[in-house]
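No hydrogens, no waters, no symmetry mates; every other heavy atom, side chains included, goes into these values. Counting starts at 1 for both ligands and their atoms, in listed order. Values in this document were obtained by computation on a predicted structure and should not be read as measured data.
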Amino acid sequence: MSYNLLKGKKGIIFGALDPNSIAWKTAERVHEEGGTFVLTNAPIAMRMGQINELAEKTGSEIIPADATSIEDLENLVSKSMEILGGKIDFVLHSIGMSVNVRKGKAYTDQNYDWTQKGTDVSAMSFHKVMQTLYKADAMNEWGSIVALTYMAAQRVFPDYNDMADNKAYLESIARSFGYFFGRDKKVRVNTISQSPTPTTAGQGVKGFDGFIAYADKMSPLGNATALDCANYTVTLFSDLTKRVTLQNLFNDGGFSNMGVSDAIMEKFVE
Ligand code: NAI
């Protein structure tokens, strides 16, 4: 169902790789709600992914950008303003990658070059995106910036590995930059802490099947889907949440406030 919540709003959406991607679902929902946007992803992901299909479906242009490269980001921001015909109202940062996770390196046996690469891609890129937008004065007043995160930033999930630290850093950047963006440009900055979701990045985590089933059984409403996340993001991009900022917002079916559920207890009681 569409409510025209984003009619006339313009934005940039990072991280749509394939139809499972949370950013893909978000782009579809933003389009349905009347928003227009530029799609972007790392040049390498463009070759592997199906982003052209999404661009066609949503009437969007694609600008490749490695989110760790300031040069790419400056180009992305200036070209997006040209294409969209003015300043930007919303930005979704939906980017995450750990080389240690990919290559099966344990948290206690890190390759620090890989750790640094993962931090740059997954967390510092959010600072780089915001600093580029801020310096170019590219955001409209009452605009909204959202990044996606996971609860391993607060609690221990051993197989989440160094991504846990990256998410803690990402959430901190949202608060720190959100202060300056709010004070100087009236722009809000939030993170959505999403349930485990079967995407390319999600399924890269060791033991993902157990992980997602456990979270589902623990949550009174069950796991939030990629579509649920897209819908929540739409509300944060809309004018209905104008003074929500510096928040880490859980979209997780209630998981983050649970101790134990009946469904989990049943597995331990004879
Ligand atoms: P995905 O694999 O579809 O998306 C990750 C995206 O990051 C890809 O499009 C990839 O090309 C992009 N990316 C990687 N390196 C990049 C770079 N240097 N520059 C620009 N883009 C780059 O997976 P998903 O799950 O949709 O991930 C989106 C966000 O949601 C990530 O931040 C992830 O950590 C977060 N998240 C995912 C959960 C899950 O269980 N899938 C749970 C909670 C948060």
* Are any of the N/O atoms in Asn41 less than 3.5 Å from those in ligand 1? -> yes
* To do: For atom 40 (O) of ligand 1, find the nearest protein heavy atom and state the residue, atom name and distance (0.1 Å precision).
  => Thr197 N, 2.7 Å
* Asked: For ligand 1, which atoms have a heavy atom of Thr149 less than 4.0 angstrom away?
  -> 43 (C), 44 (C)
* With backbone taken as N, CA, C and O and side chain as the heavy atoms from C-beta onward, which portion of Leu17 lies under 4.0 Å from ligand 1: side chain, backbone, both, or neither? -> both
* Check if Ser195 has a non-hydrogen atom at a distance under 4.0 Å from any atom of ligand 1. => yes
* Mark up the atoms of ligand 1 that fall under 4.0 Å of a heavy atom belonging to Gly15, in ascending order. => 4 (O), 6 (C), 8 (C), 9 (O)
* Asked: Under 3.5 Å between some N or O of ligand 1 and some N or O of Asp66?
  -> yes
* Asked: atom 15 (N) of ligand 1: which protein heavy atom is closest, and how many Å away?
  -> Val121 CG1, 3.4 Å
* To do: Using a 4.0 Å heavy-atom cut-off, say whether Ala45 meets ligand 1 through its side chain, its backbone, both or neither.
  => side chain
* To do: Would you mind checking which non-hydrogen protein atom is closest to atom 5 (C) of ligand 1, with the distance to 0.1 Å?
  => Ser94 O, 3.8 Å
* Asked: What orientation do Tyr134 and Phe181 show, parallel under 30°, tilted 30 to 60°, or perpendicular over 60°?
  -> perpendicular
* Between Asn161 and Gln110, do the side chains contain an N or O donor and an N or O acceptor separated by less than 3.5 Å? -> yes
* What are the atoms of ligand 1, with element, lying closer than 4.0 Å to any heavy atom of Tyr150? -> 43 (C)
* **Donor-acceptor pair between Tyr107 and Asp159 side chains, under 3.5 angstrom** => no
* Asked: Do the side-chain N and O atoms of Gln194 and Thr197 include a donor-acceptor pair separated by under 3.5 angstrom?
  -> yes
* **Distance filter under 4.0 Å to Pro196 heavy atoms, resulting ligand 1 atoms** => 40 (O)
* Structure fact -> ligand 1 atoms nearer than 4.0 angstrom to some heavy atom of Leu148 are 29 (C), 30 (O), 32 (O), 35 (C)
* Judged by modelled atom types alone, do Ser60 and Thr58 share a side-chain donor-acceptor pair under 3.5 Å? -> yes
* Heavy-atom contacts with Gln194 under 4.0 Å: which atoms of ligand 1 show up? List them by number with element. => 42 (C), 43 (C)
* If you measure from each non-hydrogen atom of Lys167 to ligand 1, which part falls under 4.0 Å: side chain, backbone, both or neither? -> side chain
* What is the nearest protein non-hydrogen atom to atom 24 (P) of ligand 1, stated with its residue, atom name and distance? -> Thr199 OG1, 3.4 Å
Show me, pair by pair, the donor-acceptor contacts under 3.5 angstrom made by side chains of residues 76-86, not counting sequence neighbours?
residue: Ser78; atom: OG; partner: Glu74; partner atom: O; Å: 3.3
residue: Ser78; atom: OG; partner: Asn75; partner atom: O; Å: 3.3
residue: Lys79; atom: NZ; partner: Asn75; partner atom: OD1; Å: 2.9
residue: Ser80; atom: OG; partner: Leu76; partner atom: O; Å: 2.6

* Asked: Can you tell me if Asp72 uses its side chain to pair, donor with acceptor, with the backbone of Pro64 under 3.5 Å?
  -> no
* To do: For Ala65 and ligand 1, answer yes if some heavy atom of the residue is under 4.0 Å from a ligand atom, otherwise no.
  => yes
* For ligand 1, is there an N or O atom under 3.5 Å from any N or O atom of Asn20? -> no
* **Shortest protein contact, atom 3 (O) of ligand 1 (heavy atom only)** => Ser21 OG, 2.6 Å
* To do: Evaluate the side-chain proximity of Cys229 to Leu148: yes if any heavy-atom separation is below 4.5 Å, no if none is.
  => yes
* Asked: Any idea which protein heavy atom is nearest atom 19 (N) of ligand 1, and the distance to it?
  -> Ala67 N, 2.9 Å
* Asked: At what distance is the nearest protein heavy atom to atom 27 (O) of ligand 1, and which residue and atom is it?
  -> Ala201 CB, 4.1 Å
* List the steps, then state whether ring-ring contact (aromatic ring centres under 6.0 Å, His included) holds for Tyr169 with Phe126. => CA-CA 10 Å; Tyr169 184 14; Phe126 191 38; over 10 Å; no
* Would you check if there is a donor-acceptor pair between the side chains of Asn140 and Asp89 at a distance under 3.5 Å? => yes
* Check: Thr119/Asn166 side-chain N/O donor and acceptor closer than 3.5 Å -> yes
* To do: Answer yes when Lys9 and Asp239 have at least one side-chain N-carboxylate O distance shorter than 4.0 Å, and no when they do not.
  => yes
* Phe255 ring center near Phe250 ring center (under 6.0 Å) -> no
* N/O of Ile22 under 3.5 Å from N/O of ligand 1, yes or no? -> yes
* To do: Within a distance under 4.0 Å of any heavy atom of Gly96, pick out the atoms of ligand 1 and give their elements.
  => 7 (O), 31 (C), 32 (O)
* To do: Using only heavy-atom distances, determine whether the side chains of Asn248 and Thr191 contain a donor-acceptor pair under 3.5 Å.
  => yes
* Structure fact -> In this structure, atom 13 (N) of ligand 1 is nearest to the protein heavy atom Ile95 CG2, 3.7 Å
